[in-house]
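Have a look at the structure below, then the notes.
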Amino acid sequence: MEYVPDDIVGRDNEIEEYEAALQPIINGEYPDNIFIYGKTGVGKTAVTNFLLNELQASAEHFEVDLSVITLNCDGLSTSYQAAISLVNNLREPENLIAETGHPQSKVYRLLWDELNKLSGTVLVVLDEIDHIKDDTFLYQITRADNNGYIDNIQLGLIGISNDSTFREQLDAKVQSSLCETEISFPPYGTEELQKVLEQRADIAFHPGALDGDVIPLCAALGRQDGGDARRAITLLRKAGDLARTENAEAVTTTHVERAQEKLEAQQSMDIMRDLTEHEKLTLYALITLAAENETPARSRVIYQRYKQFCELQGRDPRTARRMRSFLSDFEILNLTISQMEHRGQDGGTYREHELNRDIATVVDALQTIIGEFGAHQSIVEYLPDSGEQFASM
Ligand SMILES: Nc1ncnc2c1ncn2[C@@H]1O[C@H](COP(=O)(O)OP(=O)(O)OP(=O)(O)O)[C@@H](O)[C@H]1O
């Protein structure tokens with residue numbers, strides 16, 4: 001559970017739009033459905049929670065009958081699971097239904113029964129809504145009133161997503177009803193990140209514990225990394241952790257720089273572990289060349305090595321062209337650096353690639369594929385425990 005700030009800084013426009021969209025509830029009118037979207041860490045959930053608290057306080061003040069039900073859809077990949085989860089969210093803990101084994105029609109009947117037990121305005125908040133991979137649930141719930149399944153309540157939906165393609169993939173009818181009001185949350189700028197960090201620092205650090213340049217640097221790096229407040233907060237916290245382990249008097253920009261390096265290393269580790277098998281094999285081919293001091297290497301050379309690895313294991317290699325596209329993706333992901341070289345007289349060009357991470361880190365991330373395909377002699381020294389548990393190629 002993430003900390004919910006009492007006060008939201010740097011999101012004034014979004015808050016204004018959001019408040020306007022929620023206003024009908026306080027007027028006793030039928031709520032609009034609201035769709036909130038923006039990249040990760042831009043305050044969608046924090047602002048929503050903050051405004052829902054405000055809304056509940058206003059509802060109490062103006063004696064408006066309002067229930068808010070929040071469902072995080074992480075882990076709910078089907079409509080069936082989402083519907084059951086919502087039913088259970090509405091039921092008492094001793095009355096929950098099993099997560100499997102019901103006919104679909106029964107699940108929706110139970111859902112309408114539960115919703116009809118409520119009165120006034122019911123707001124269902126679906127965070128990470130894009131995790132639900134089919135439309136049925138959203139179709140059913142956005143049509144429930146028109147179809148006469150609910151009669152006692154005014155039902156409003158808030159969907160929150162960080163997947164920019166989610167909305168386009170929805171059935172046209174679902175899209176138009178879910179997205180009656182859309183509010184986009186852009187990435188944070190440096191100034192806004194600075195405000196978020198200052199607010200966090202007031203809570204997490206003693207006065208004077210941060211050198212003056214620390215927050216501006218975290219904000220600038222956070223901006224470069226996509227304007228994600230979560231990441232900027234993590235960077236500040238990690239810099240603090242480093243300073244603390246060293247018993248340093250204050251957190252300095254050097255701590256921030258080192259924390260940033262660690263975060264980047266962790267991030268590229270996660271990226272490498274998530275690559276597909278043939279992407280991993282391409283990277284594996286490149287590290288063996290790097291270990292032999294043969295990099296920067298031409299795509300052609302990397303392809304030869306990659307093909308050799310595939311053939312040794314009786315796998316069909318991807319085409320050279322496909323493998324080159326892996327290499328360009330690696331560059332975008334910052335795992336490699338590539339450069340265009342010019343061939344002497346004929347004026348042709350070719351690309352050369354080299355690693356942008358140290359060999360040991362990549363070997364560590366690729367351990368599974370190395371275990372499966374065998375250890376090439378060039379990288380044996382980089383394997384843990386001198387590679388005893390790895391078969392050689
Ligand atoms: N404007 C803000 N003021 C204070 N804290 C903020 C602000 N925006 C974000 N944060 C903090 O940054 C972190 C990430 O924010 P939040 O969870 O709202 O992002 P999100 O857009 O919902 O991201 P995701 O799509 O990954 O769920 C949280 O710890 C939140 O408290």
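For clarity, every value in this text was computed on a predicted model and none was experimentally measured. First listed ligand is number 1; within each ligand, the first listed atom is number 1.
For Thr40, heavy-atom contacts with ligand 1 shorter than 4.0 Å involve the backbone as well as the side chain. Under 4.0 angstrom from ligand 1, there are no non-hydrogen atoms of Lys195. At a heavy-atom cutoff of 4.0 Å, ligand 1 is contacted by no atom of Phe185, backbone or side chain. Under 4.0 angstrom from ligand 1, the non-hydrogen atoms of Ile233 all belong to its side chain.
If you take CZ on Arg244 and NZ on Lys238, they are separated by 12.0 Å, rounding to the nearest 0.5 Å.
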**Request:** Begin with the C-alpha distance, continue with both residues' side-chain angles, and end with the deciding distance and a verdict on side chain to side chain donor-acceptor pair (under 3.5 Å) for Arg322 and Ser325.
**Result:** CA-CA 5 Å; Arg322 186 89 183 94; Ser325 78; 3.1 Å; yes
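Remark: ligand 1 atoms within the under-4.0 Å shell around heavy atoms of Val9 are 1 (N), 2 (C), 3 (N). Here is the list of ligand 1 atoms found below 4.0 Å of a heavy atom in Val42: 19 (O), 20 (P), 21 (O). Heavy-atom contacts of Gln199 reach the following atoms of ligand 1: 4 (C), 5 (N) (cutoff under 4.0 Å). Within ligand 1, counting atoms from 1 as listed, the ones closer than 4.0 Å to a heavy atom of Tyr188 are 1 (N), 2 (C), 7 (C), 8 (N), 9 (C). Those atoms of ligand 1 that come under 4.0 Å of a heavy atom in Ala229, given as number and element, are 9 (C), 12 (O).
Between the side chains of Thr181 and Tyr18, no donor-acceptor pair is found at a separation under 3.5 Å.
Remark: Arg300 is not positioned above the aromatic ring of Tyr350, lacking an NZ or CZ atom under 6.0 angstrom from the ring centre and at most 45 degrees off the axis. With Tyr188 as the aromatic partner, Arg11 meets the cation-pi criteria of under 6.0 angstrom to the ring centre and within 45 degrees of the ring axis.
Looking at every heavy atom in both residues, Val64 comes nearest to Ile26 through CG2-O, 3.7 Å.
Under the 4.5 Å side-chain criterion, counting only non-hydrogen atoms from C-beta, Ile97 is in contact with Asn88.
A centroid separation of 6.0 Å or more is found between the aromatic rings of Tyr306 and Phe309.
Considering backbone and side-chain atoms together, Arg11 places no N or O closer than 3.5 Å to any N or O of ligand 1. For the pair Gly38 and ligand 1, the shortest N or O to N or O distance does not fall below 3.5 Å. For the pair Glu128 and ligand 1, the shortest N or O to N or O distance does not fall below 3.5 Å.
Identified under the ring-ring contact (aromatic ring centres under 6.0 Å, His included) test for residues 317-342, with sequence neighbours left out: none.
Under a 4.0 Å heavy-atom criterion, Arg200 is in contact with ligand 1. Ligand 1 lies nowhere less than 4.0 angstrom from a heavy atom belonging to Gly10.
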